[in-house]
Undergrad: 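So that we are looking at the same thing, I have put the structure below in structure tokens.
This structure is a prediction, so every number in the text was calculated from the model and none was measured.
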Amino acid sequence: MNIVLLQSPLSIEEIELLMQEFPHYLFLAFTETTYRNLSKEDWGKVEIIYGNRLAENEFALADQLKWIHSPSDQLNRLCLDLIADQGNVQITVTREENVVQIGEYVLGVMLAFAKNLFKWKFLDQDPAAVWASELRDQMWTLNGKKMLQIGLGKTGSEVARMAKQFGMTIWGVQPHASFNPYCHKTFSLENFHHLISEVDIVSLCLPRSRTFEEWFGVKEFDLMKNDSILSVVGSYKIFSQAAISKMQQSTKLRGLLIDSSYQNPIPQGSLLWQIPQAIITPEVGSRPKSESTEAYRTFRYNLRQYVHGNASAMRNRIDHNAMIFDI
């Protein structure tokens, strides 16, 4: 009997339902003790993993592995290079469930940058400076500003929707230009260099994939307008080291938001921490988490398709070559 390794927690009721519907699998619930005690023979029977953890040595033992479903879009603990090279292991994910919370968070920080709220706070120990401050003359209204939303997956579309409610003009960018109901115009990704210098806010909601590592460099930063806002939801690795260094030395940006993965934290010595206008948070935009069980529902649906040989019907499949998916 082949094993479905449940690395991510499920309730007893959820596991019992899986066992009833798929009795020909052994569902092995994860504990650290169980995981450490998995034998070479056990790994050789693992056909499916519900989780997002697989080291190179484990992958070498799991020669019957055919499918991994990650309950989140965090894949950095998977040996993606080996999986992509082998090419016969499917990967599916549960897309972000809490997009409304992310939209609120991004727009909340944008509004704070627009109204200089973070800067006003630094003056609170000197009342005279508060009343004499020129910050009041440097405040924005978001109404009428132009935003470039790069990435129009579920998260990017929600950010665009909320930004549009503030009266902003939204230009959207995605791999191939197509209609988006929350964008006034949409463009293909290859054209974004022609747009970035025309907007007041650049919002990045791009996949956490190798394709977009160090994708935003010095050229992109130089093209941005003075006193503009840059927002990044996802991986900080989207920035090149040269771009980070230039941002650290520059006062060009009005504000920089990076809500980056807590599972892959920014190193303590990174120059990102020294950018004075930056707000860096450990992937808190999606909080508070909803009580939805979307991850379990997606996994169970995909398991039905997998068992019946309907791989093309499985939801949220990942491209093997680039490991790309929308967030």
Undergrad: Assigning hydrophobic clusters by single linkage (Ile, Leu, Val, Met, Phe, Trp, Tyr; side-chain heavy-atom cutoff under 4.5 Å), is Ile150 placed with Val99?
TA: no
Undergrad: Under 3.5 Å, side chain of Glu58 to main-chain N/O of Ala62, donor-acceptor pair present?
TA: no
Undergrad: Applying the side-chain contact (heavy atoms from CB on, under 4.5 Å) test to Leu204, which of Leu257, Ile258, Leu230 qualifies?
TA: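 For Leu204, the side-chain contact (heavy atoms from CB on, under 4.5 Å) check succeeds only for Leu230.
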Undergrad: If you look at every heavy atom in Val202 and Met224, which pair is closest and at what distance?
TA: CG2-CE, 3.8 Å
Undergrad: Please report the closest heavy-atom contact between Pro267 and Tyr236, naming both atoms and the distance.
TA: CD-OH, 3.4 Å
Undergrad: Is there a donor-acceptor contact under 3.5 Å linking the side chains of Gln149 and Ser203?
TA: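 Ser203 and Gln149 do have a side-chain donor-acceptor pair below 3.5 Å.
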Undergrad: With a 4.5 Å cut-off on side-chain heavy-atom distances among I, L, V, M, F, W and Y, is there a chain of contacts connecting Val89 to Ile49?
TA: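 In one cluster with Val89: Ile49, yes.
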Undergrad: Salt bridge between Arg254 and Asp200, side-chain N to carboxylate O under 4.0 Å?
TA: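 No salt bridge links Arg254 with Asp200.
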Undergrad: Dump the intermediate steps for side-chain contact (heavy atoms from CB on, under 4.5 Å) on Gln277 and Phe118, then the final yes or no.
TA: CA-CA 9 Å; Gln277 61 271 45; Phe118 300 114; over 6 Å; no
Undergrad: Which pair of heavy atoms, one from Thr94 and one from His69, lies closest together, and at what distance?
TA: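 Answer, listing the atom of Thr94 first, then His69: OG1-NE2, 2.9 Å.
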Undergrad: Could you pull out the closest heavy-atom pair between Asp42 and Ile3, with the gap in Å?
TA: O-CD1, 3.7 Å
Undergrad: One thing to verify: whether Glu198 and Lys225 come together as a salt bridge, which I'm taking to mean a side-chain N less than 4.0 angstrom from a carboxylate O.
TA: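 Looking at Lys225 and Glu198, the cut-off is not met.
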Undergrad: Please assess Thr141 against Phe166 for the test side-chain contact (heavy atoms from CB on, under 4.5 Å), listing each intermediate value before the final yes or no.
TA: CA-CA 9 Å; Thr141 173; Phe166 276 83; over 6 Å; no
Undergrad: Do Met139 and Leu142 sit in the same hydrophobic cluster, where Ile, Leu, Val, Met, Phe, Trp and Tyr count as joined when their side-chain heavy atoms come under 4.5 Å apart?
TA: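 In one cluster: no.
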Undergrad: Looking at every non-hydrogen atom in both residues, tell me the closest pair between Leu272 and Ile280 and how far apart they are.
TA: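 The pair with the smallest heavy-atom distance is O-CD1, 3.5 Å.
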Undergrad: Between Phe216 and Phe221 (judged by ring centroids, cut-off 6.0 Å), do the two rings come close enough to count as a pair?
TA: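 Not under 6.0 Å, so no.
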Undergrad: Under a 4.0 Å threshold between the charged nitrogen and the carboxylate oxygen, would Arg300 count as salt-bridged to Glu14?
TA: no
Undergrad: Is a side-chain donor or acceptor of Thr186 paired with a backbone partner of Ser178 at a separation under 3.5 angstrom?
TA: yes
Undergrad: Answer whether the closest heavy-atom distance between the side chains of Trp215 and Leu189 falls below 4.5 Å.
TA: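 Yes, close enough: below the 4.5 Å cut-off.
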Undergrad: Do Val93 and Leu6 share a hydrophobic cluster (ILVMFWY, side-chain heavy atoms under 4.5 Å, transitive)?
TA: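 Looking at the clustering, Leu6 is in a separate group from Val93.
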Undergrad: Is any side-chain heavy atom of Ile12 less than 4.5 Å from a side-chain heavy atom of Glu16?
TA: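 Ile12 reaches Glu16 side chain to side chain.
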Undergrad: Evaluate the ring pair (Phe, Tyr, Trp, His ring centres under 6.0 Å) criterion for residues Phe192 and Trp171: first the C-alpha distance (whole Å), next the side-chain angles of each, then the deciding distance (0.1 Å), finally the verdict.
TA: CA-CA 10 Å; Phe192 93 97; Trp171 288 354; over 10 Å; no
Undergrad: Is there a continuous path of hydrophobic side-chain contacts, each under 4.5 Å between heavy atoms, that joins Tyr306 to Ile318?
TA: no
Undergrad: Within the structure provided, determine whether Leu206 and Ile238 are in side-chain contact (heavy-atom separation under 4.5 Å).
TA: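 In short, these two side chains touch, coming nearer than 4.5 Å.
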Undergrad: Can you see whether Tyr182 engages Glu158 through a side-chain donor-acceptor pair at a distance of less than 3.5 angstrom?
TA: no
Undergrad: With rounding to the nearest 0.5 Å, note down the distance linking CD1 in Ile48 to CD in Gln90.
TA: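 Rounded to the nearest 0.5 Å, the CD1-CD separation comes out at 10.0 Å.
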Undergrad: For Val159 and Leu107, work out which heavy atoms get closest and say how close.
TA: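 Minimum heavy-atom separation between Val159 and Leu107: O-CD2, 3.8 Å.
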Undergrad: Looking at CE of Met147 and SG of Cys183, how far apart are the two atoms once the value is rounded to the nearest 0.5 Å?
TA: 7.5 Å
Undergrad: Kindly confirm or rule out a cation-pi arrangement of Lys115 over Trp140, judged by NZ or CZ under 6.0 Å from the six-membered ring centre and within 45° of its axis?
TA: no
Undergrad: Quick one, Val109 with Val106, criterion side-chain contact (heavy atoms from CB on, under 4.5 Å). Give me CA distance, side-chain angles, the key distance, then yes/no.
TA: CA-CA 5 Å; Val109 176; Val106 171; over 6 Å; no
Undergrad: So, are Lys45 and Glu41 salt-bridged, with charged N and O less than 4.0 Å apart?
TA: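 So Lys45 pairs with Glu41 through a salt bridge.
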Undergrad: Any side-chain donor paired with an acceptor under 3.5 Å for Thr298 and Asn316?
TA: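 Per modelled atom types, Thr298 and Asn316 side chains form no pair under 3.5 Å.
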Undergrad: Would the distance check show the side chain of Glu21 and the main-chain N or O of Leu18 forming a donor-acceptor pair, the cut-off being under 3.5 Å?
TA: no
Undergrad: Are any of the side-chain heavy atoms of Thr92 and Phe299 separated by less than 4.5 Å?
TA: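 Side-chain contact under 4.5 Å: no.
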Undergrad: Going by atom types alone, do Gln249 and Ser245 pair a side-chain donor with an acceptor below 3.5 Å?
TA: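 Result is yes, a qualifying pair exists.
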Undergrad: Got a donor-acceptor contact below 3.5 angstrom from the Asn302 side chain to the Arg315 backbone?
TA: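 Yes; at least one donor-acceptor contact below 3.5 Å.
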Undergrad: Rounded at 0.5 Å granularity, tell me how far NZ in Lys237 sits from CD1 in Ile244.
TA: 11.0 Å
Undergrad: With the side chain counted from C-beta on, respond yes when Leu256 and Met247 share a heavy-atom pair under 4.5 Å apart, and no when they do not.
TA: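 The answer is yes, as the side chains (C-beta and beyond) meet within the 4.5 Å cut-off.
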Undergrad: Any chance NE2 of His24 has more than 12 other-residue heavy atoms, nucleotides or ligands included, within less than 6.0 Å?
TA: yes
Undergrad: Check for a donor-acceptor pair, side chain of Ser286 on one end and backbone N or O of Ile102 on the other, with a separation under 3.5 Å.
TA: no
Undergrad: Indicate yes or no: at least one non-hydrogen side-chain atom of Met162 is less than 4.5 angstrom from one of Glu104.
TA: yes
Undergrad: Going from CG on Leu54 to CG on Leu82, what distance comes out if it is rounded to the nearest 0.5 angstrom?
TA: 9.0 Å
Undergrad: Could you measure the distance from the CD atom of Gln165 to the CD1 atom of Ile170? Nearest 0.5 Å is fine.
TA: 10.5 Å
Undergrad: Is the backbone of Pro288 close enough, under 3.5 Å, to the side chain of Gln101 for a donor and an acceptor to pair up by distance?
TA: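 Side chain of Gln101 to backbone of Pro288: a pair is present.
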Undergrad: Once you round to the nearest 0.5 Å, how far does CG of Asp63 lie from CZ of Phe59?
TA: 10.0 Å
Undergrad: State whether the side chain of Arg317 and the backbone N or O of Met314 hold a donor-acceptor pair below 3.5 Å, judged by distance alone.
TA: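 Between the backbone of Met314 and the side chain of Arg317 there is no qualifying donor-acceptor contact (under 3.5 Å).
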Undergrad: Please test Ile83 against Cys79 for side-chain contact (heavy atoms from CB on, under 4.5 Å), starting from the C-alpha separation and ending with a verdict.
TA: CA-CA 6 Å; Ile83 294 172; Cys79 52; 4.2 Å; yes
Undergrad: Less than 3.5 Å apart, any donor N or O on the side chain of Thr281 or Asp259 sitting next to an acceptor on the other?
TA: yes
Undergrad: Ser70 and Tyr50: side-chain donor and acceptor closer than 3.5 Å?
TA: no
Undergrad: Is the number of heavy atoms from other residues, nucleotides or ligands within 6.0 Å of CZ (Phe122) greater than 12?
TA: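 Counting other residues, nucleotides and ligands, CZ of Phe122 stays at 12 neighbours or fewer.
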Undergrad: Mark yes or no for whether Lys252, through its side chain, and Asp222, through its backbone, hold a donor-acceptor pair below 3.5 Å.
TA: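 Yes.
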Undergrad: Measure the shortest side-chain to side-chain distance between Met110 and Ile201 over non-hydrogen atoms and say whether it is less than 4.5 angstrom.
TA: yes
Undergrad: Between Glu220 and Gly217, is there a donor-acceptor pair closer than 3.5 Å when you use the side chain of the first and the backbone of the second?
TA: yes
